[in-house]
Asks: 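Following this message is one structure expressed as structure tokens.
Every chain is numbered from 1, with letters handed out A, B, ... down the list of sequences.
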2 protein chains.
Amino acid sequence: MASSIETNQALCNSRGESPGLCGLCDVRDHSVCVEFGPREMAQAERTMARRTVARKHAIMSEGEPNDSLFVVTQGSFLLSKYLEDGRRQVTGFIFKGDLMGVRPTQQSAYTAEALEDSLVCTFSHHYLDEVAKTAPGVKDRLIARGQNEYHRAQDHIVLLGKKTADERVSSFFIQLAKSIGQDLGEGRLEAPLSMARQDIADYLGLRLETLSRTLGSLKSKGIIDSISRKNVVVKT
Amino acid sequence: MASSIETNQALCNSRGESPGLCGLCDVRDHSVCVEFGPREMAQAERTMARRTVARKHAIMSEGEPNDSLFVVTQGSFLLSKYLEDGRRQVTGFIFKGDLMGVRPTQQSAYTAEALEDSLVCTFSHHYLDEVAKTAPGVKDRLIARGQNEYHRAQDHIVLLGKKTADERVSSFFIQLAKSIGQDLGEGRLEAPLSMARQDIADYLGLRLETLSRTLGSLKSKGIIDSISRKNVVVKT
DNA sequence: CGATAAGTTGACATGTCTCAAACTGAGTGG
DNA sequence: CCACTCAGTTTGAGACATGTCAACTTATCG
């Protein structure tokens, strides 16, 4: 799962406070663009494409080439990989402030599809390479983001390799709530759920039915306060 | 698991063919150093430390700071993470030509310990940042390596989340043989095993006993030709 | 308010785990 | 060159967590 905004920075920021679209962007401070100087900012506003992605539509597909970096400014995405026989593994969820496509590639390693109507800023890597010549911090930020992806993947590996169904489900919801939830007080956190049960099950390496049963068990244990299709409240 | 040398490049290479130690290094063309010019090479040979790591000794520890990049020139390493109660998940194996520590960090995400007496070149990230000023390709190489790690981790996630014990074990040995094995002809590949059964089981998210039984089953199916403590021959 | 997709619950099957015992092979010393 | 040892590995029998398949319930949306 992706750890949204808090700790990391994404790509956009105007050091010279230009009042353009980027100047108003609410993920700017957490993105690659933080590294852009006023000149790059102005150029970015012309060069960069803002793109809407409709629910269920892919912005990257496993095996297809991709030469852009995407910064999610609204909405959320699901990352997945398929085995030849159609079994699907969800490898991550992406939220506002997260990046996709840290490196250009002939064959994307995974598919990224929108879980809801979403909005992304796209930067071609060709353009980023240019920017990097005068703003070297951009590359460091990409390295850092890439490492974050890797570390999240390692946590996911531990979850799948060593945790029980109960542990997987509670780890997932607690992490989700901590990363995108809001505090309701009394140690309760509420988070919106843009993904379906099947998506969560495919992320956790469980069957839909097992997830559903486990959810019931966690509710009775008080770890999960309430859960509906679109919302969850967890206690910590 | 790490995909050794073939496809990727690591860090070292003398474009100006200096006949120093680096000039003789057999992983040079696959490493970061490929990007170094003659000047950087000469400097590297003075600055960089070659270090031996004894079997079972850690070169990085989960939670401990690390500010160096390691290039494995001999031997192999095991990467692992632990849950609070001591359960261990092996997140990867590292072989000759692979990198560890792509980014400096206050808290390493995992532990890396030598599976056999090994040899690494260590570059401080402080030094690499200097080099990057005149050899910008170094950063790109680190981004690329970081992404490779991430993609391998995603494959690992699919293995743990969706594959059966049989599939996990055969995937593991086939990938191992393809990456570090040598061709015996007739579609047979032989690879040395520097890790114990327990290490492999912890990598595959299986119990030792399940791995052992599965190995027997794969032998009778002909997917594994033979396997001992130190060697495996797989048929493809 | 009916139609359809999404989620839950039930009963049973099975793959993997658990615990215990037996085996194997490399090193050591008599 | 033969016990002896000890860690590593394999085998056995039974338990249990999760998977499977089917029926049922609940949300969502025209």
Asks: Show every salt bridge (charged side-chain N to carboxylate O under 4.0 Å, His left out) that has at least one partner inside residues 49-74 of chain B, sequence neighbours left out.
Replies: none

Asks: For DNA chain D, what residues of residues 205-215 of chain A have any heavy atom nearer than 4.0 Å?
Replies: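 Heavy-atom contacts with DNA chain D come from A:Gly205, A:Leu206, A:Arg207, A:Glu209, A:Thr210, A:Arg213.
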
Asks: With sequence neighbours left out, which residue pairs that include part of residues 183-197 of chain B fulfil the salt bridge (charged side-chain N to carboxylate O under 4.0 Å, His left out) condition?
Replies: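 Only B:Arg188-B:Asp225 qualify under salt bridge (charged side-chain N to carboxylate O under 4.0 Å, His left out).
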
Asks: Report the C-alpha distance between B:Lys163 and B:Ser171 in whole Å, list the side-chain angles of each, state the deciding distance to 0.1 Å, and finish with yes or no for side-chain hydrogen bond (donor to acceptor under 3.5 Å, both in side chains).
Replies: CA-CA 9 Å; B:Lys163 294 188 180 179; B:Ser171 297; 2.9 Å; yes

Asks: Find every protein N or O atom lying less than 3.5 Å from an N or O atom of nucleotides 4-6 of chain D, and list the pairs.
Replies:
none

Asks: What residues, two or more places apart in sequence or in another chain, satisfy salt bridge (Lys or Arg N to Asp or Glu O under 4.0 Å) together with A:Lys221?
Replies: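 Scan of A:Lys221 (salt bridge (Lys or Arg N to Asp or Glu O under 4.0 Å), adjacent residues dropped) gives A:Asp166.
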
Asks: Could you tell me whether the side chain of A:Asn231 and the main chain of A:Ser228 form a donor-acceptor pair under 3.5 Å?
Replies: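 A pair under 3.5 Å: no.
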
Asks: What is the distance, rounded to the nearest whole Å, between atom CD of B:Gln198 and atom C1' of D:dT10?
Replies: 14 Å

Asks: Using the test side-chain hydrogen bond (donor to acceptor under 3.5 Å, both in side chains), find all partners of A:Arg213 that sit at least two apart in sequence or belong to another chain.
Replies: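 Here no residue qualifies.
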
Asks: Can you check the A:Ile227 CD1 to D:dT26 P distance for me, whole Å?
Replies: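 Whole-Å distance recorded here is 17 Å.
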
Asks: Run the numbers on B:His125 and B:Leu69 for side chain to side chain contact (heavy atoms under 4.5 Å, CB included), then give the verdict.
Replies: CA-CA 7 Å; B:His125 277 286; B:Leu69 172 79; 4.0 Å; yes

Asks: Show the numbers, then the answer: is there a side chain to side chain contact (heavy atoms under 4.5 Å, CB included) between A:Phe173 and A:Leu215?
Replies: CA-CA 10 Å; A:Phe173 283 105; A:Leu215 245 18; 3.5 Å; yes

Asks: Can you see which heavy atom on A:Leu99 is nearest to which on A:Val71, and at what distance?
Replies: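 That would be CD2-CG2, 3.6 Å.
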
Asks: Can you pull out how bent the helix from C:dC1-D:dG30 to C:dG30-D:dC1 is, comparing the axes over its first five and last five pairs, to 10°?
Replies: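 Roughly 40° between the end axes, to the nearest 10°.
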
Asks: Could you tell me from which nucleotide to which nucleotide of DNA chain C, 5' to 3', there is an atom under 4.0 Å from chain B heavy atoms?
Replies: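 Result: C:dT16 to C:dT24.
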
Asks: Name all residues meeting the salt bridge (Lys or Arg N to Asp or Glu O under 4.0 Å) criterion together with B:Lys162; count only those two or more places apart in sequence or in a different chain, and write none if there are none.
Replies: A:Asp202

Asks: When we call it a touch if two heavy atoms are under 4.0 Å apart, what does B:Ser228 touch: a base, just sugar-phosphate, or nothing?
Replies: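 Nothing: the residue B:Ser228, judged by heavy atoms under 4.0 Å, touches no strand.
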
Asks: Check the interface with nucleotides 28-30 of chain D: list each N/O to N/O pair with the protein under 3.5 Å, or write none.
Replies:
none

Asks: What class does the angle between the rings of A:Tyr110 and B:Tyr150 fall in, given that below 30° is parallel, 30 to 60° is tilted and above 60° is perpendicular?
Replies: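 It falls in the perpendicular class, over 60°.
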
Asks: Keeping to residues at least two apart or across chains, list the side-chain hydrogen bond (donor to acceptor under 3.5 Å, both in side chains) pairs with something in residues 75-87 of chain A.
Replies: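 Qualifying pairs, neighbours excluded: A:Ser76-A:Glu116, A:Ser76-A:Ser194, A:Lys81-B:Asp155, A:Asp85-A:Arg87, A:Arg87-B:Glu167.
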
Asks: Under a 3.5 Å distance rule, please check whether A:Thr214 uses its side chain to pair with a backbone N or O of A:Thr210 as donor and acceptor.
Replies: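 Pair found, side chain donor or acceptor close to backbone of A:Thr210.
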
Asks: Decide side-chain hydrogen bond (donor to acceptor under 3.5 Å, both in side chains) for B:Gln154 and A:Thr91; before the verdict, give the C-alpha distance in whole Å, the side-chain angles of both, and the deciding distance to 0.1 Å.
Replies: CA-CA 7 Å; B:Gln154 285 196 315; A:Thr91 60; 3.0 Å; yes

Asks: Partners of B:Asn66 by side-chain hydrogen bond (donor to acceptor under 3.5 Å, both in side chains), sequence neighbours excluded?
Replies: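 With neighbours one apart ignored, the set is empty.
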
